[in-house]
Amino acid sequence: MLNYLRIGRKSTDENISYSMCNNRLCLLTLESVILCAACCAPHRFSYYEDMNRHDICTAACCAILPAVAMRLDMYGVLAPRGMRKLIALHTLGVVNIAHGEVIQDIQELTRLCKLAVTGISRRNSRDFCLAINSLNHLESLSIRSEGEPGLWQCLDGMSSPESPLNLQSLKLYGNLVKLPQWMQGLQNLVKLNLRSTRLSEHDDSMEVLGKMPNLSILRLLEKSFQGEELRFKTGDFRSLTVLVFGNFGDIKCVKFEQGSMPILEQLQVKNEWRASKSGCPDGRVTFLGLDFLPSIKEAWFNVTISLDFSPWDEQFKDITDEVFLRASNFEEHFRAQLAANPKNPVLKVGEPKNQD
């Protein structure tokens, strides 16, 4: 009896282009390569050890290849017909819900504990929210939507008390602007990932997140907030143990007030400095209040530099020197702020392994 069905690419960066080749020969070649690879080397496509060659080939023929042919978001695949018959399924992802009756199928999978979807839009958001409201055992939910509209006004239909109150893990990738009201009821939420959500109401959003009683891991990734300041207020995030920043965008200042995050043990800072031939953006971020974190044990610091030109091109030497200098100054600033913490937390370069 099938319990797991998970196919698709691991989500990385929204800046990756999802447009597929328009040339039919190119598409045919790509599809053939995928099918051959799936059938000849199934272990490279399997998320679980008990998936055999037949399982992988079926997934490739019925889900991956149709998604390629229809030029869908390649982070998700088309679900096979009749999926609603898999009543014992408790893990499903990453499924593109933009076409067909997949939402109706998901609604019938009442034993689902973990679900990951992409392709939500204003057109199908109402049906999707109704489906989620019917999944009483759901503990982990990942929702992704590409493009400018993104998740805006797509999740409002999951209103309390029908919202998935048992959720322990939630990942939202896409333009959201404002947190939906039902998130205030997620009293059991332990992990939260936000990326490209572009939350504009900073204080209101932090008020909601900061009052979640069991939130232990918070990842604020690229473009999660708009504005120039992130402020963590006194008394908020009392259960948080891990905080991750990934690419600050327009954020210029991160401030921790005294009394916030009393049991935070690990802080991760990841930032990419990008420079083009026209120049290097400022990109400076100031940290304030790191000395107020009473339980911090370690901090991970990872800075990468991306250039649109060769770093050895003398024509752009000034730009290259500038971006490296700014990245170096950022690291020195962070080290100095962290060193002021009386707990003497350990600073490590890179990022931890085995992150979900």
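A quick note: this is a predicted structure, and the numbers were derived from the prediction, not measured. Below, all heavy atoms of this structure are taken into account, side chains as well, without hydrogens, waters or symmetry copies. Just so you know, residue 1 is the first one in the sequence shown, and it goes up from there.
- Residues Phe292 and Phe232 are members of separate hydrophobic clusters, defined by side-chain heavy-atom contacts under 4.5 angstrom among Ile, Leu, Val, Met, Phe, Trp and Tyr.
- There is no path of hydrophobic side-chain contacts, each under 4.5 Å, that joins Trp300 to Leu267.
- Taking the side chain as every heavy atom from C-beta outward, Leu243 and Leu264 approach each other to under 4.5 Å.
- Counting heavy atoms from C-beta on, the side chains of Val323 and Leu325 never come closer than 4.5 Å.
- Formation of a donor-acceptor pair under 3.5 Å by the Ser224 side chain with backbone atoms of Leu221 is found in this model.
- Every pair passing ring-ring contact (aromatic ring centres under 6.0 Å, His included) that includes a residue from residues 190-214 is listed here, sequence neighbours excluded: His202-Phe225.
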Can Ser306 and Glu272 be said to form a side-chain hydrogen bond (donor to acceptor under 3.5 Å, both in side chains), step by step? CA-CA 7 Å; Ser306 298; Glu272 181 180 11; 2.2 Å; yes
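- A distance-only check finds a donor-acceptor pair linking the side chain of Asn166 to the backbone of Asn136 [under 3.5 Å].
- Atom CH2 of Trp152 has 12 or fewer heavy atoms from other residues, nucleotides or ligands within 6.0 Å.
- Clustering ILVMFWY residues whenever any of their side-chain heavy atoms sit less than 4.5 angstrom apart, transitively, puts Phe301 in a cluster other than the one holding Val346.
- Under a 3.5 Å cut-off, the side chain of Gln226 and the backbone N or O of Arg198 do form a donor-acceptor pair.
- Proximity of a side-chain donor or acceptor of Ser125 to a complementary backbone N or O of Arg122 within less than 3.5 Å is detected.
- With salt bridges taken as basic N to acidic carboxylate O contacts below 4.0 Å, none links Asp313 and Lys317.
- Comment: Glu222 engages Arg274 in a salt bridge, judged by a side-chain N to carboxylate O separation of less than 4.0 angstrom.
- Residues Leu172 and Val190 do not share a hydrophobic cluster, defined by chaining ILVMFWY side chains whose heavy atoms lie under 4.5 Å apart.
- Remark: Glu229 engages Arg231 in a salt bridge (Lys or Arg N to Asp or Glu O under 4.0 Å) (not counting sequence neighbours).
- Around CD of Glu101, the count of heavy atoms belonging to other residues, nucleotides or ligands within 6.0 Å does not exceed 12.
- Within the 4.5 Å cutoff, no side-chain heavy atoms of Asp156 are placed close to those of Trp182.
- In the hydrophobic cluster analysis, where Ile, Leu, Val, Met, Phe, Trp and Tyr join through side-chain heavy atoms closer than 4.5 angstrom, Val254 is grouped together with Leu290.
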